[in-house]
Amino acid sequence: TSAGLIIPSSAESGVVSGIVVAVGDDGHGIAPGDKVLYPRGAGFELRVSGQPKRLVSRHELIARLHD
């Protein structure tokens with residue numbers, strides 16, 4: 001990536017990116033609006049105001065990306 005993070009092609013199918021919309025108490029170093037990578041299947045899906053969201057623990061995040 002442009003940030004210097006190297007993701008092998010073998011791992012790309014198992015990695016998902018997302019935009020952070022909210023952060024809990026253990027979200028040090030992560031803020032709403034950040035783009036993050038996490039393993040496919042991490043956390044769990046829930047609906048907020050009818051919209052699907054994925055709740056992922058801080059320790060499950062692989063990286064924070066910068067554009």
Side-chain angles (χ1 to χ4, degrees):
T1 67
S2 62
L5 179 65
I6 299 172
I7 303 170
S9 59
S10 62
E12 286 182 358
S13 64
V15 176
V16 180
S17 67
I19 304 296
V20 176
V21 295
V23 179
D25 293 338
D26 69 340
H28 304 291
I30 302 294
D34 286 349
K35 186 172 185 179
V36 294
L37 294 177
Y38 56 91
R40 185 175 306 282
F44 59 93
E45 190 172 297
L46 57 115
R47 292 198 173 266
V48 178
S49 299
Q51 297 295 316
K53 304 292 180 194
R54 179 153 298 270
L55 182 62
V56 179
S57 296
R58 172 67 176 96
H59 74 273
E60 292 180 290
L61 297 180
I62 297 170
R64 183 180 67 174
L65 302 176
H66 296 280
D67 290 332

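Excluded from the calculations below are hydrogen atoms, water molecules and symmetry mates; all remaining heavy atoms, backbone and side chain alike, are included. Predicted, not measured: the structure shown is a model, and the values here were computed from it.
For the atom pair Phe44 CZ and Leu55 CG, the distance stands at 4.0 Å (nearest 0.5 Å).
The salt bridge (charged side-chain N to carboxylate O under 4.0 Å, His left out) test applied to Arg54 returns Glu45, not counting sequence neighbours.
Applying the side chain to side chain contact (heavy atoms under 4.5 Å, CB included) test between Val36 and each of Ile62, Val16, Ile19, Val20 identifies Val20 as the sole match.
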Do any side-chain atoms of residues 24-34 form donor-acceptor pairs under 3.5 angstrom with protein atoms, and if so which ones, sequence neighbours left out?
residue, atom, partner, partner atom, Å
Asp34, OD2, Ala31, N, 2.8

